[in-house]
2 protein chains.
Amino acid sequence: MYSIGDLSRRTGVKIPTIRYYEQMGLIEAPERSEGNQRRYEKRELERLAFIRHARDLGLSIEAIRDLLALSEHPERPCGEADRIATEHLASVREKIARLRKLESELERIVACHGDHTIGDCYVIRALADHSMCESEH
Amino acid sequence: MYSIGDLSRRTGVKIPTIRYYEQMGLIEAPERSEGNQRRYEKRELERLAFIRHARDLGLSIEAIRDLLALSEHPERPCGEADRIATEHLASVREKIARLRKLESELERIVACHGDHTIGDCYVIRALADHSMCESEH
DNA sequence: GTAAACACTCCAGCGACTATAGATATGAGG
DNA sequence: CCTCATATCTATAGTCGCTGGAGTGTTTAC
Ligand SMILES: [Zn+2]
Ligand SMILES: [Zn+2]
Ligand SMILES: [Zn+2]
Ligand SMILES: [Zn+2]
């Protein structure tokens with residue numbers, strides 16, 4: 001039996017976040033002590049570790065909910081789980097692509113170091129005028 | 001004189017967003033028509049275009065507020081503006097680095113395509129066990 | 001004059017937490 | 001058993017940058 005604090009220390013998930021996950025339906029409402037405090041089993045510790053890891057990998061609460069539901073049925077085919085992960089990978093790649101464009105625009109923009117005034121600062125002028133950019137964003 | 005709708009069409013910033021920027025102090029409260037509708041000058045159109053472009057480049061409202069304040073003083077040195085842009089570039093680079101790590105973990109995880117069940121799905125097992133990962137995240 | 005299009009304010013919601021406030025429970029030492 | 005520090009409880013509000021809706025009033029074109 002773990003208290004919510006034990007669970008928090010063991011998984012690195014903050015206490016309010018654990019309660020939030022319960023509210024969001026990622027973990028079931030656990031048993032309670034006589035004084036109404038949450039008491040968890042090992043099962044729930046593992047479930048929370050799964051959630052934590054999936055969050056660290058950037059999966060949404062929604063996706064994690066689906067993955068947890070799938071993992072309750074070990075005999076079923078895993079196409080859906082693979083699809084969720086693949087889609088997530090695609091979205092990570094999109095984000096990277098977008099950020100790389102920003103990176104190169106910003107590199108160009110900040111290249112104007114030196115002693116000068118706001119009036120002729122390339123940063124300010126570049127921000128005021130998208131036509132100086134090399135790509136859309 | 002532009003109505004809020006004109007401004008919106010010309011800058012691509014949605015109407016509620018323009019009002020939000022006003023509330024956030026990025027643009028001043030403009031004059032009003034007799035019937036209390038906002039009426040903008042060209043100055044404000046340019047200011048909003050600046051904001052839009054800076055947002056597209058990922059700058060925070062806070063940073064944009066500072067940049068706008070700086071741009072009111074063309075005679076001052078531009079070190080601060082350069083610093084804001086440089087810091088932002090650094091944060092974009094950090095994001096890219098983090099996402100690249102995720103990308104490579106996810107690539108490894110989704111490599112398990114094929115006909116199999118949830119019970120032996122690598123996606124599910126990898127999410128349950130961070131020790132199968134090659135880096136921290 | 002009338003109708004369509006536009007704009008007003010206020011407020012709620014998104015996602016994924018995080019942080020308070022004020023009350024109650026638990027557990028270890030005496 | 002009592003005290004007290006620590007832990008936990010609920011409920012609510014705040015974060016960021018918008019976005020949408022309800023319900024009402026204004027402008028404009030015909
Ligand atoms: Zn400069
Ligand atoms: Zn641009
Ligand atoms: Zn699989
Ligand atoms: Zn991992």
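When reading the values below, keep in mind they use all heavy atoms of this one structure, side chains included, and skip hydrogens, waters and symmetry mates. By convention in this document, chain letters (A, B, ...) are assigned in the order of the sequence lines, proteins followed by strands, and residues within each chain are numbered from 1.
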*Look at the rings of B:His53 and A:His137 and say which category their plane angle falls in: under 30° parallel, 30 to 60° tilted, over 60° perpendicular.*
tilted
*asked:* Does D:dT27 have OP1 or OP2 under 4.0 Å away from a side-chain N or O of B:Arg32?
replied: no
*Within the structure, does a side-chain N or O atom of B:Ser3 lie under 4.0 Å from either OP1 or OP2 of C:dC6?*
no
_Closest-nucleotide ordering on DNA chain D, the 5'-leading residue of B:Leu59 and B:Asn36_ = B:Leu59
_Distance test, side-chain N/O of A:Ser33 to OP1/OP2 of D:dT8, below 4.0 Å_ = no
*Expressed in angstrom and rounded to an integer, what is the separation of A:Asp6 atom CG from D:dT6 atom P?*
17 Å
*Do B:Arg83 and B:Glu87 sit within salt-bridge range, that is, some charged N less than 4.0 Å from a carboxylate O?*
yes
*Does a side-chain heavy-atom distance below 4.5 Å link B:Leu26 with B:Leu48?*
no
*First of A:Thr17 and B:Gln37 reached from the 5' end of DNA chain C, by closest nucleotide*: B:Gln37
*asked:* Rounded to whole Å, how long is the line connecting atom CD of B:Gln23 with atom C1' of D:dC16?
replied: 14 Å
*If you check every side-chain atom of A:Tyr21, which of C:dC8, C:dC17, D:dC18 has the closest atom?*
C:dC17
_Measuring from the side chain of A:Tyr20 (C-beta onward, heavy atoms only), which nucleotide among C:dT18, D:dC18, C:dA7 has the closest atom?_
C:dT18
*For the residue pair A:Arg108 and A:Tyr122, confirm or rule out a side-chain donor-acceptor distance under 3.5 Å.*
yes
_The side chain of B:Arg38 is closest to which nucleotide in this list: C:dA7, C:dT9, C:dT18?_
C:dT9
*So does B:Arg19 get a side-chain nitrogen or oxygen closer than 4.0 Å to the phosphate oxygens (OP1/OP2) of D:dC18?*
no
*Of the nucleotides D:dG20, C:dC17, D:dC18, which has the atom closest to the B:Pro16 side chain?*
D:dG20
_With a 4.0 Å limit, can you tell me whether B:Arg55 has a side-chain N or O closer than that to the phosphate oxygens OP1/OP2 of D:dC18?_
yes
